[in-house]
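Down below is the structure, laid out as C-alpha cells.
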Number of protein chains: 2
Amino acid sequence: MVSSARRPTQEDVARRAGVSRGTVSLVLNDRRGRVLISAATREKVVAAARDLGYSPNPVAQMLARGRNRIIGFFTFEQTFPYGEEDFHHRYLVGVEREACSRDFDLLLFTRGGGEGPKAIYRSGMNTLRLADGCIFIGTDPDPEGLQRLLAEGYPFVLIGRTRIAPDALDTVVHDHAGGAAEAARHLLGLGHRAIAVALQSQDTEFIRERVEGCRRAVAEAGDARLSLIESCPGAAELKAALLSHGATALICADRRILPAVRALVAEGEVRVPDELSVALLATAGPEFGMPVSHVDLNRARLGRIAFERVSARIEGRLSGFARISVPCQFVAGATTGPAPRRLSGAAAGGRRSRG
Amino acid sequence: MVSSARRPTQEDVARRAGVSRGTVSLVLNDRRGRVLISAATREKVVAAARDLGYSPNPVAQMLARGRNRIIGFFTFEQTFPYGEEDFHHRYLVGVEREACSRDFDLLLFTRGGGEGPKAIYRSGMNTLRLADGCIFIGTDPDPEGLQRLLAEGYPFVLIGRTRIAPDALDTVVHDHAGGAAEAARHLLGLGHRAIAVALQSQDTEFIRERVEGCRRAVAEAGDARLSLIESCPGAAELKAALLSHGATALICADRRILPAVRALVAEGEVRVPDELSVALLATAGPEFGMPVSHVDLNRARLGRIAFERVSARIEGRLSGFARISVPCQFVAGATTGPAPRRLSGAAAGGRRSRG
DNA sequence: CTGAAAGCGCTTACAG
DNA sequence: CTGAAAGCGCTTACAG
C-alpha cells in the first residue's frame, strides 16, 4: 500500500545533476563564503533536487553535524504533565513559546511513563542526546543522572530544587520566600498585627521557604506577630486555631490546606475579608468565588527563563553555572482587606473546640 | 569549561572488553534469539560499558535502524498552540497521553513559527522525517505538502478538513452535524417548536455542518421550524430577530456570536431558560455564570484517536485510508428548559428595532 | 558463538 | 570552482 519507492538521497540528486555528493550538500545548504559554486552548477543541483522531490534526511544531518536544533523537555514524574490540571503544564507553555521564537523544535520525553519515577538513564542508556540540551522538571530530580550529564558536559537546566550544589549546575527556581514576604507585607500594610500561616506539613523545601519569608517580613515590621497553624485537618480545627491565636489574617502556605479554608468560608463561619483576610502563597484557581489575594508563580515565565538558559549554554554563551531565583509577584485580590478593629470573634456562637 | 572528554562510543567499549563492535551492539541491545552470546562475553561487555559510562548515541541508532519511536505534532497556524487559551492545545493533551502509554516520544514542531502560515516543506526541505509519523492539525492544511508526503508513503494523520479526497489520507474530524442534531433534538424534546440558529458567518465548513445537523433534526420532527439568524452584530439585533421569528430556543452555532448572546442575557433582556433556551454547539467556558447546555467537542479524545491511527500505520497494521468522524456528545446544562407556553415577548418594553 | 565489513545518509576538510 | 574520501556512531546480514 505504502509507496515503497525509496526516497531519493543526496546520491540520487548528485547523479542526476552530474556532480558529486559533496557539491549537492554545499549547494543545498547554501554555504556561501566557504566555497564558491558556479551559478550553472547551483541551478543544475537545485533542479535535480526539485525534480526528484528530494529532501535531506534530518537524522543523517544530525549525525554528521552533531547539532539538531532540538531542546528536550523531561519530567521526573511518572506521567507526563497532561493537561491544564497538571501544574507542570504551565512551565511547558513557556518553554513552547520560547522554542517557537528561537526556532527550536521541542522533544517531549513522554516515553517510560507509568513505571515508577522516571530515571534519566533508562536501563543504563540515554535517549537524551537526541536533544541538543534539555529542560528537566520535577520534585525528585534523580541526582545521579544529573551528575552524570554534568560530567559529560551535556547542556541542561533543572527547574526545581536538588541536593546538588547550586553552583555545579543550572537551576531555575521560584523565590518562594520573597513572594511570601510580599504577601505578609501587604497584610501588615493593611494593619494586620496578628497573622497566622497555615500549612499541612513542612515536608517540602518550598513550603519551609514560604514560612521563612513570612517570618522575615513580620520580624521586619517589629510590632506584629506570626503564628503557625500546622497540619489542621478540618475547618473546625482551623477556626479554633485562628481564634486561639487572635489572628486577623491567614496566609495559606500550602495548597493542601485550601479545602479546610474553603469549608470555613463556605459554612459562613467567618466573613472574608471583613473578619479575616486570606492570602494564598500559590497561583489561585477560581475555587473561592472571588479573586483571591495570592502570589503569582508565573510558571510559564520560569519555563521561558529555563529555555533561555539552556540555549545560551548550547551556543557557548555561558561559562559558569548558576541558580536563578525568579521573583514571585503578589497580586492583591478581594480576600484581603483592612484589619478589623479587634478580633470580632470570627463567628458568633462558634464552638470552643480546643486542639 | 564544558568537559570536552569525548563521550565513549561503542568502539571504546569494544576495545575495553576485547571484542568487536558488532558484539557490543548485540549484547547491549539484548538481541536474544538472533544470535547467542556467551555469558562471559556478555558480562565483559556490560562491565566495560558501565565502567566507561557508555550510552549509545540515539541519532546513530536512528540512522542505522530507520525507526525512532518518535511521533511529530505539527500545527499549521503561525504560532504554536501555546496555552490553555488556544483550543489546539486540547488536542495535544490527548496526543501526549497516548504517546505516554504507547511509549513514544513526542516532537513538537515549534520551529518556523511567526513567518506566515507554516508549510510542511520549509524552503523545499523536510524536517519531518525525524518523526516516524506525524499528526497535523490546523484549518489551512497545505494540501501540496500533504500530497507529497502521501506520495512518499510517510505515515501521518490530519486532524481537520482538507480538500484532498477523504479516502486518500487519514483524517480525524468532529461529527459537527451529529452533535448539532443532538442539541436540536434535546430542544425539540423539551417542547420547543420554533428554534433559531445564530451564527456570525457560514464561512467555515464546520459551521455549515452544524447548521445542517440542526436542519436535519428539525426536519425529522416534522412539526417544528428552524430559522437562521446570521451575522447579527449586537444584542439588540439578535433580540429583534428572535422576536420576529417567535423563537423559544436559540442554538449558537458559532462562538463568535457569544458576545451578543451574553450581552442579551446580562442586560436582563431575556430570562434564560424561562423565556429562552440557549444551547451552544461548542465546548462551553465559564462565561455564562451557569452551566451551559453545549456540545462537548472532546478534543483530547480526537488527539488520542489520531495518535492511535498514525501509530497503527507506522506499525503496518493498516491498509486503506479513512476519514474518522468522532461523535460529539451533547451535555445538558442549566441554559435549556421546557418551552414556554407561548412566546412571552422575550422582554417587556423591548425596543422594536428592525433589521 | 564472534569478527570483519557494508551500510544508514549526510557534512566537511583536503586536494586538485 | 569541484571531486574523492573520511567520518559521524550505530546495526545487521554474512562468513567463519
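By convention in this document, chain letters (A, B, ...) are assigned in the order of the sequence lines, proteins followed by strands, and residues within each chain are numbered from 1. Everything quoted here is computed from the prediction, not taken from an experiment.
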It should be established whether [X] places a side-chain nitrogen or oxygen under 4.0 Å from OP1 or OP2 of nucleotide [N].
{"X": "B:Q61", "N": "D:dG9", "result": "no"}
{"X": "B:T23", "N": "C:dT2", "result": "no"}
{"X": "B:N29", "N": "D:dT11", "result": "yes"}
{"X": "A:T9", "N": "C:dC8", "result": "no"}
{"X": "A:T41", "N": "D:dT2", "result": "yes"}

Atom [atom1] of [X] to atom [atom2] of [N]: distance rounded to whole Å?
{"X": "B:M62", "N": "D:dC8", "atom1": "CE", "atom2": "P", "value": "19 Å"}
{"X": "B:E43", "N": "C:dC1", "atom1": "CD", "atom2": "P", "value": "14 Å"}
{"X": "A:Q10", "N": "D:dG3", "atom1": "CD", "atom2": "P", "value": "13 Å"}
{"X": "B:D12", "N": "D:dG9", "atom1": "CG", "atom2": "P", "value": "9 Å"}
{"X": "B:R7", "N": "D:dG9", "atom1": "CZ", "atom2": "C1'", "value": "10 Å"}
{"X": "A:E11", "N": "C:dG7", "atom1": "CD", "atom2": "P", "value": "11 Å"}
{"X": "B:L52", "N": "D:dG9", "atom1": "CG", "atom2": "P", "value": "14 Å"}
{"X": "A:L28", "N": "C:dT12", "atom1": "CG", "atom2": "C1'", "value": "15 Å"}

Mind checking if B:G22 touches a base, just sugar-phosphate, or nothing, with heavy atoms under 4.0 Å?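 Base contact - B:G22 has a heavy atom under 4.0 Å of at least one base atom.
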So what does A:V19 touch, heavy atoms closer than 4.0 Å: a base, only the sugar-phosphate, or nothing?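 Sugar-phosphate contact only - A:V19 comes under 4.0 Å of backbone atoms but never of a base.
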Picking from [options], which would you name as closest to the side chain of [X]?
{"X": "A:L26", "options": "D:dC10, C:dT12, C:dT11", "answer": "C:dT12"}
{"X": "A:S20", "options": "D:dG3, D:dT11, C:dT2", "answer": "D:dG3"}
{"X": "B:N57", "options": "D:dC10, C:dT2, C:dC10", "answer": "D:dC10"}

Can you name the closest pair of heavy atoms from B:N68 and B:D132 and give their distance?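 It is N-OD1, 2.8 Å.
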Closest-nucleotide ordering on DNA chain C, the 5'-leading residue of B:G18 and B:A60: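 This one resolves to B:G18.
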Name the residue closer to the 5' end of DNA chain C, choosing between A:L63 and B:R21 according to the nucleotide with the nearest heavy atom.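 This one resolves to B:R21.
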Any side-chain donor paired with an acceptor under 3.5 Å for B:R102 and A:T110?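 Not at all, the side chains of B:R102 and A:T110 share no donor-acceptor pair under 3.5 Å.
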Looking only at side-chain N and O atoms, does A:R65 offer a donor or acceptor that is under 3.5 Å from a partner on A:N29?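 Distance-only check passes for A:N29 and A:R65.
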B:S311 side chain to B:F307 backbone, donor-acceptor under 3.5 Å: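 Side chain of B:S311 to backbone of B:F307, a donor-acceptor pair under 3.5 Å: yes, one is there.
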Ignoring hydrogens and angles, tell me if any N or O in the side chain of A:R16 forms a donor-acceptor pair with the backbone of A:D51 under 3.5 Å.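 No; judged by distance alone, with no hydrogens or angles, the pair does not exist.
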Counting only Watson-Crick pairs (N1-N3 plus N6-O4 or O6-N4) and G-U wobbles (N1-O2, O6-N3), all under 3.5 Å, who is the partner of C:dA15?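 D:dT2 is the nucleotide pairing with C:dA15.
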Using 30° and 60° as the class boundaries, would you call the ring planes of B:F136 and B:F76 parallel, tilted or perpendicular?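 Parallel, since the angle between the ring planes stays under 30°.
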